[in-house]
2 protein chains.
Amino acid sequence: MISLTEENYLKALFNLANHAGEVNVNELSKQLDIKMPTVTSMMKKLAGKKLVYYESYKPLRLTEKGKREASLVIRKHRLTEMFLAEKMGFGWEEVHDIAEQVEHVQSAAFFDKINELLGFPKLDPHGAPIPDKNGKLAWVAYDKLSDCHVGETVRVSAVVHTSSEFLKFLNNREIKLGTRIKIKSIESFDSSMVISYDNRPAETLSHAVCERLLVEKKV
Amino acid sequence: MISLTEENYLKALFNLANHAGEVNVNELSKQLDIKMPTVTSMMKKLAGKKLVYYESYKPLRLTEKGKREASLVIRKHRLTEMFLAEKMGFGWEEVHDIAEQVEHVQSAAFFDKINELLGFPKLDPHGAPIPDKNGKLAWVAYDKLSDCHVGETVRVSAVVHTSSEFLKFLNNREIKLGTRIKIKSIESFDSSMVISYDNRPAETLSHAVCERLLVEKKV
DNA sequence: CTAAGATGTTAGAATAATCTAACAAAATAT
DNA sequence: ATATTTTGTTAGATTATTCTAACATCTTAG
């Protein structure tokens, strides 16, 4: 059995994993707002359960079993987010905090029903893919808006680090998944972008914003 | 802040309270499947938070604050049950176990939304009243079917001690809230009742069943 | 290359919730 | 009314999760 606490560590490990699947103790500590010694001891515990590879002073890595379990928690989280948004009328900026709690419900029937009522969605309200029942995740590699060039027209496909503040910022500007953005110019000194979309007047987006907007170029 | 564990103790205290609002340590211990010494120490803790009146060797009683907090947990539980049954298609025999977990979600917005989507229901799927936002519960005193007499026709209004097994038993016989039951005869040796309803052939219900069916006589 | 700073571990303690064993009080049955 | 049973408490231990303080290792800037 995996405790609620352990589920949270697995989820954070999964979300922080870089290309090589590695996470530092320090990063994980900051992500979870839990002190490093506590993280170290939990990693030893999870290693004992064959969920994490742990060696002193080495980066952390999930085992295959760990990845599967983490994905299943993320599945519950994203299905919940989608249900809250699609079936209950919550805004995409509201769903994360509630899903953070609902995801720990232990009832396959509950999440199966949500999945069914939603028509087996592939993406959550932030454009993130929903892992399947076996914990398999079909990752689509989007581009960051900040990596695009002047003159390109792109479609917003997902948002990263979906803090409520950031999403409210997007709401205020009516930027949502599917919005087609044209890059008019890029300020070289701060990498901010002047863009236009939806027949609106030109708008400037800071680099911080552009890094969090994931887009597709082939519109 | 009231922990998930404390919420469970409060809920159990509320549900077990007799006419005088009293509960014994032993009853509570059995209800929660937690040993008596643990219950005693939790009662001291809750007494420290002014949620329970506790004196050695005396029955336990919730304070007004304790009753309010308990009612609010029960409110979340019953709203969840109703949502699961009405909006998600779960049977009344399935909703309790899921609601037992969802009830601990800390988000007023979540339960407000459920309440709204349900159209502010007054009763849960088992006929139990849903406390209001202030923890006030409008209790309706129904009769047990077992207290009714031969010849009476009554309407099933609620069920008590809603174990999944009992509810499946009722499902098999298509007895639900609203079913009108006529009492044909009562076996004096075991208090079982021969009843008829819905133009079906006569059916015999054991005393155990009749005690758990709450009915209204004025149909 | 080495000193400073960042990162990670060990040791020991704290809190919450639970348990068993032993004892104490209350209720019950003859 | 007293012995037995049931109920309740105390004491002490256990497990899970967290912390701080101190120490160890690794990385990096001169």
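No experiment lies behind these values; they were computed from the predicted model shown. Residue numbers begin at 1 in each chain, while the letters A, B, ... track the order of the sequences.
Between the CG atom of L28(A) and the C1' atom of dG8(C) there is a distance of 13 Å, rounded to whole Å. One interatomic measurement links the two molecules: CD of E22(B) to P of dT7(D), which rounds to 16 Å at whole-angstrom precision. Remark: C1' of dA6(C) and CG of N24(A) are 11 Å apart, rounded to the nearest angstrom. L60(B) places its CG atom 14 Å from the P atom of dT7(D), with the value rounded to the nearest Å. Across the protein-nucleic acid pair, M43(A) atom CE and dG8(C) atom C1' stand 13 Å apart, rounded to whole Å. Remark: P of dA25(C) and CG of N26(B) are 18 Å apart, rounded to the nearest angstrom.
For the 3.5 Å distance criterion, the side chains of N171(A) and W92(A) qualify, holding a donor opposite an acceptor.
Residue contacts for K58(B): at a heavy-atom cut-off of 4.0 Å it reaches no nucleic acid atom on any strand shown.
Salt bridge annotation for E81(A)-R78(A): absent, with no cationic side-chain nitrogen under 4.0 angstrom from a carboxylate oxygen. Residues E7(A) and K76(A) are paired through a salt bridge, judged by an N-O separation under 4.0 Å between the basic side chain and the carboxylate. A salt bridge does not link K30(A) with E27(A): none of the charged nitrogens is closer than 4.0 Å to a carboxylate oxygen.
Phosphate contact (OP1/OP2 of dT10(D), side-chain N/O of K44(B), threshold under 4.0 Å): present. Within the 4.0 Å cut-off from OP1 or OP2 of dT9(D), at least one side-chain nitrogen or oxygen of T40(B) is found. Note on Y57(A): every side-chain N or O is 4.0 Å or more away from OP1 and OP2 of dT10(C).
When the side-chain hydrogen bond (donor to acceptor under 3.5 Å, both in side chains) test is applied to K50(B), no partner is found at least two apart in sequence or on another chain.
Using a 4.5 Å cut-off on side-chain heavy atoms (C-beta onward), I2(A) and L51(A) make contact.
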Polar pairs (N or O, both sides) under 3.5 Å between protein and nucleotides 14-20 of chain D?
from, atom 1, to, atom 2, distance (Å)
dT17(D), OP1, S3(A), OG, 2.8
dT17(D), OP2, K45(A), NZ, 2.0
dT18(D), OP2, Y9(A), OH, 3.0
dC19(D), OP2, K35(A), N, 3.0
dC19(D), OP2, T38(A), OG1, 3.0

